[in-house]
Amino acid sequence: AALREFCRRVASTVGELCVRIWGLDDPVSIDLAERRGIAFQLTNILRDVTEDHARGRVYLPQDELQAAGVSIEDLLGWRRPAACAAFVAAQCRRARVHYEESAPLEARLRPACRPTLWAMTRIYSGILGRIESRPARIAGTRVSLGTFRKVCIAFEAKRLGRRWARSAAASA
């Protein structure tokens with residue numbers, strides 16, 4: 001509950017503001033934006049475990065670390081690999097659920113606004129995918145997508161934006 005509230009305050013607020021700027025203020029859109037913001041923030045928390053710990057911060061749920069029988073030091077040193085991997089997998093599943101539950105958000109946006117959210121989602125979801133494929137990554141350097149992959153996402157977002165705009169014009 002505390003983790004969800006933290007994510008809601010940090011990232012969901014930004015998501016809610018974005019969808020309002022993009023012209024949506026209905027309760028369903030706001031709820032979807034909140035869920036997407038939570039997905040982004042949960043991804044950030046996993047991506048930044050090492051960096052945050054170096055700054056004296058731990059955003060992972062302490063009760064779940066204890067229940068999994070691992071400490072933050074275990075994660076950072078990737079001691080007890082099976083327990084660490086199970087803990088990280090559970091955190092990834094939580095984030096993935098929020099991505100899936102917020103999937104209808106793009107379709108609610110005007111075509112001109114969709115590419116930005118689409119690209120952001122592909123980048124953050126891609127980072128989560130890298131963590132899912134090898135959970136021990138969180139114990140090393142910051143997990144990210146390479147520049148080439150991000151450029152490909154940007155080009156695809158632009159291409160999709162043109163296609164969505166043409167579809168909207170044709171149906172108007």
Discussion item. Measuring from atom OG of Ser71 to atom CG of Leu76, what distance do you get when rounded to the nearest 0.5 angstrom?
Written reply: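 The distance works out to 8.0 Å.
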
Item to complete: Calculate, to the nearest 0.5 Å, the distance between atoms CD1 and CZ belonging to Ile127 and Arg142 respectively.
Response: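 Those atoms lie 7.5 Å apart.
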
Discussion item. By the ring pair (Phe, Tyr, Trp, His ring centres under 6.0 Å) test, which pairs, at least two apart or in different chains, include something from residues 13-34?
Written reply: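 Residue pairs passing ring pair (Phe, Tyr, Trp, His ring centres under 6.0 Å), neighbours aside: none found.
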
Discussion item. Please list all pairs meeting ring pair (Phe, Tyr, Trp, His ring centres under 6.0 Å) that have one or both residues in residues 41-68, counting only residues at least two apart or in different chains.
Written reply: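 For residues 41-68: Phe6-Tyr59.
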
Discussion item. If the test is side chain to side chain contact (heavy atoms under 4.5 Å, CB included), which one of Ile72, Ile131, Val58, Asn44 qualifies with Val49?
Written reply: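 Among the candidates, only Ile72 passes.
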
Would you say that [X] contacts [Y] through its side chain, given a criterion of any heavy-atom pair below 4.5 Å between the two side chains?
X: Leu24; Y: Leu32; result: no
X: Leu160; Y: Arg163; result: yes
X: Leu117; Y: Leu105; result: yes

Worksheet item: Would you say the side chains of Ser125 and Arg96 form a donor-acceptor pair under 3.5 Å?
Response: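 Ser125 vs Arg96: donor-acceptor pair found between side chains.
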
Item to complete: Indicate whether any N or O donor in one side chain lies under 3.5 Å from an N or O acceptor in the other, for Ser102 and Arg36.
Response: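 Present: a donor and an acceptor within the cut-off.
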
Shortest non-hydrogen contact from [X] toward [Y]:
X: Ala157; Y: Pro115; result: O-CB, 3.5 Å
X: Thr50; Y: Gly140; result: OG1-O, 3.4 Å
X: Val88; Y: Leu46; result: CG1-CD2, 4.5 Å

Is the shortest distance from a Lys or Arg side-chain nitrogen in [X] or [Y] to a carboxylate oxygen in the other one below 4.0 Å?
X: Arg55; Y: Glu51; answer: yes
X: Arg108; Y: Asp26; answer: yes
X: Arg20; Y: Glu16; answer: no

Practice prompt. Tell me, with the steps shown, if Arg57 and Asp48 meet side-chain contact (heavy atoms from CB on, under 4.5 Å).
Written response: CA-CA 10 Å; Arg57 299 183 294 226; Asp48 298 341; over 6 Å; no

Fill in: Qualifying side-chain hydrogen bond (donor to acceptor under 3.5 Å, both in side chains) pairs with a residue from residues 77-92, counting only residues at least two apart or across chains
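Pairs touching residues 77-92 that pass the test: Glu64-Gln91, Asp74-Arg79, Gln91-Arg94.
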
